[in-house]
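Here is the structure we will look at, set down as structure tokens.
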Amino acid sequence: MVDIHPRNPWQIDLSGRTVIVSGASWGIGQCIVEAFLACGADVHCCDIRADGLDELADKGAHVRQIDLTVPTDVEEWMVAIEKDADNPVSVLVNNAGGFGQSKPGEFVEVTDAEWESAYKVNADTTFVLSRAVVKRMINSGGGRIINISSGAGLNASTTQNHAYTAAKHAVTGLTRQMAFGLGKYGITVNGVAPGFVISSPETEAFWDDMGPEIQRRHIENVFLRRTGIVGDIAGPVIFLASDLAGWMSGQVLAVNGGKL
Ligand SMILES: NC(=O)c1ccc[n+]([C@@H]2O[C@H](COP(=O)([O-])OP(=O)(O)OC[C@H]3O[C@@H](n4cnc5c(N)ncnc54)[C@H](O)[C@@H]3O)[C@@H](O)[C@H]2O)c1
């Protein structure tokens, strides 16, 4: 029998797509890069830290060590990608983020340094990289942007890290406002808000420090009764980058195993 549908449109094939992923050294970002590579994409990724990047280069990704809060360095990286890639950038995943210097505690004890650091690591990285990429997406006729926010970007968090919660809400707000303004250029902007994922030595230590009682309460509040793994987040990111999500924009998917 002749196969009249050589390419199944319901399968996710991203070959020929140029994809940028930030914050790829470890954890969720690293898994997102591996997922895009598995779908055939041409992946350009970065981190402020060098660790982990060589491993991704060995798997076929193009890697760059860069601080995304420095606009001139970001612009240089964009020019290098344009020289190197066969096609214009069609997908951007803003995954770089984290607590920075911020920590849990009472609101009145939040220092200026903690506040600035949380905004720099989450909101500034997303803004600076998006601005550089969007200019190019407008010229090339469209694209997909996926911002990794957090459960703490949708609601107050029991971790009581005020600066991080505020900065992740900023990422959520930017996602919605960009979606509103960029739809006319054929650019979709969506977010993924992960629940707690054991993604790195840091999150592993955070989990261990909770102790058995708080861990038990955390798990009981998750419908699926487990913490997340990095692949739980990479899957929805690939979906949002694919043709399957062509009419979605301004949405922030809570990917957390189910929560009230
Ligand atoms: N792990 C979780 O439980 C969880 C939950 C909710 C949201 N998130 C978010 O998911 C994303 C990935 O989290 P993770 O736990 O895998 O790793 P992570 O939070 O440790 O950090 C992501 C990466 O971003 C990089 N980064 C930070 N500032 C940068 C800068 N200025 N320039 C370039 N790179 C920079 C870091 O070096 C790191 O490798 C983050 O945005 C995080 O806030 C994670």
Side-chain angles (χ1 to χ4, degrees), residues 20-35 44-53 55-56 63-74 76-77 92-104 116-130 132 146-159 161 163-172 174-175 191-210 215 218-219 222 226-234 236-237 252-257 259:
I20 294 180
V21 181
S22 71
S25 263
W26 66 15
I28 294 170
Q30 183 184 49
C31 184
I32 291 171
V33 170
E34 289 169 356
H44 297 255
C45 62
C46 74
D47 205 288
I48 196 168
R49 297 179 303 122
D51 1 340
L53 293 181
E55 205 182 301
L56 289 174
V63 302
R64 182 109 168 176
Q65 188 180 1
I66 183 177
D67 179 350
L68 291 169
T69 64
V70 182
T72 46
D73 291 0
V74 170
E76 249 176 51
W77 186 37
L92 165 64
V93 183
N94 283 304
N95 169 77
F99 293 144
Q101 292 171 34
S102 69
K103 49 185 185 306
E116 277 161 25
S117 161
Y119 267 77
K120 225 173 173 29
V121 169
N122 295 286
D124 291 13
T125 54
T126 303
F127 166 64
V128 172
L129 182 56
S130 297
I146 299 126
N147 294 331
I148 307 301
S149 148
S150 169
L154 295 172
N155 291 297
S157 162
T158 49
T159 52
N161 185 329
Y164 177 75
T165 297
K168 283 301 196 186
H169 272 70
V171 172
T172 301
L174 184 63
T175 303
V192 170
F196 183 64
V197 176
I198 300 187
S199 56
S200 65
E202 272 177 17
T203 44
E204 211 168 316
F206 185 78
W207 178 251
D208 291 344
D209 288 348
M210 281 184 191
Q215 287 176 359
H218 174 86
I219 297 290
V222 179
R226 66 170 177 85
T227 56
I229 57 171
V230 289
D232 291 326
I233 308 305
V237 169
V252 182
L253 302 181
V255 181
N256 54 21
K259 285 207 158 178

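Source: prediction; values computed, not measured. Every number for a ligand or one of its atoms is a count from 1 in the order of the listing.
Here the side chain of D47 pairs no donor or acceptor atom with the backbone of Q65 at under 3.5 angstrom. No donor-acceptor distance shorter than 3.5 angstrom exists from the side chain of D67 to the backbone of I48, with no hydrogens or angles considered. Judged purely by atom type and a 3.5 angstrom limit, S22 uses its side chain to pair as donor or acceptor with the backbone of A96. In this structure a side-chain-to-backbone donor-acceptor pair under 3.5 Å is present from H169 to A152. Side-chain atoms of Q215 do not come within 3.5 Å of backbone N or O of M210 as any donor-acceptor pair. Judged by distance alone, the side chain of N147 and the main-chain N or O of G191 form no donor-acceptor pair under 3.5 Å.
What sits closest to atom 10 (O) of ligand 1 on the protein, heavy atoms only, is I148 CG2, 3.3 Å. In this structure, atom 19 (O) of ligand 1 lies nearest to the protein heavy atom G98 CA, 3.5 Å. For atom 12 (C) of ligand 1, the nearest protein heavy atom (residue, atom name, distance) is N95 OD1, 3.2 Å. For atom 37 (O) of ligand 1, the closest heavy atom belonging to the protein is D47 OD1, 2.6 Å. Among protein heavy atoms, atom 32 (N) of ligand 1 sits closest to L68 N, 3.1 Å.
Not one N or O of G151 is nearer than 3.5 Å to an N or O of ligand 1, by distance alone. The shortest N/O to N/O separation between V197 and ligand 1 falls below 3.5 Å.
Listed by first then second residue, pairs satisfying salt bridge (charged side-chain N to carboxylate O under 4.0 Å, His left out) with a partner in residues 21-34 read E34-K59, not counting sequence neighbours. Listed by first and then second residue, the side chain to side chain donor-acceptor pair (under 3.5 Å) pairs involving residues 118-130 are N94-S130, N122-K168 (not counting sequence neighbours).
Separation of atoms CD1 (I229) and CD1 (I198) is listed at 11.0 Å; rounding is to 0.5 Å.
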Worksheet entry | Derivation and outcome, side-chain contact (heavy atoms from CB on, under 4.5 Å), residues I233 and V192 | CA-CA 8 Å; I233 308 305; V192 170; 3.9 Å; yes
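Which parts of ligand 1 touch T125 is read off a 4.0 Å heavy-atom cut-off, strictly below it: atoms 30 (C), 31 (N). Using a 4.0 Å cut-off to heavy atoms of F196, the atoms of ligand 1 that qualify are 3 (O). Close approach of ligand 1 to R49 is summarised as follows: ligand atoms under 4.0 Å from at least one heavy atom of the residue are 37 (O), 39 (O). Heavy-atom proximity to D67, at under 4.0 Å, picks out these atoms of ligand 1: 30 (C), 31 (N), 32 (N). Applying the 4.0 Å criterion to heavy atoms of W26 picks out, from ligand 1, the atoms 17 (O), 18 (P), 20 (O), 39 (O). Atoms of ligand 1 found under 4.0 Å from any heavy atom of S25, numbered from 1 in the order shown, are 39 (O). Of all atoms in ligand 1, listed by their number and element, those nearer than 4.0 Å to a heavy atom of T203 are 1 (N). Contact atoms of ligand 1 toward G27: 16 (O) (distance under 4.0 Å to a heavy atom of the residue).
When non-hydrogen atoms are compared, ligand 1 lies under 4.0 Å from the side chain of S199 (C-beta onward) but not from its backbone. Contact annotation: for I66 versus ligand 1, heavy atoms closer than 4.0 Å belong to the backbone alone. If you look at I48 next to ligand 1, the close heavy atoms, those under 4.0 Å, come from the backbone and the side chain alike. With a heavy-atom cut-off of 4.0 Å, K168 touches ligand 1 through its side chain alone. Only the backbone of S149 comes within 4.0 Å of ligand 1, counting heavy atoms alone; no side-chain atom from C-beta on gets that close. Contacts between Y164 and ligand 1, counted as non-hydrogen atom pairs separated by less than 4.0 Å, involve the side chain only.
When the heavy-atom distances from atom 16 (O) of ligand 1 to T159, V121, I28 are ranked, the shortest goes to I28. Of the candidates G97, S150, G23, G100, it is G97 that places a heavy atom closest to atom 27 (C) of ligand 1.
Looking at heavy atoms from C-beta onward, F206 lies in side-chain contact with T159 at the 4.5 angstrom threshold.
Side-chain atoms of S149 and T172 include a donor-acceptor pair closer than 3.5 Å.
Considering all non-hydrogen atoms of both residues, Q30 and S25 come closest at NE2-O, 3.9 Å. Of all the heavy atoms in W26 and S200, the pair that sits closest is CE2-CB, 3.5 Å.
Heavy-atom separations between G195 and ligand 1 include at least one value shorter than 4.0 Å.
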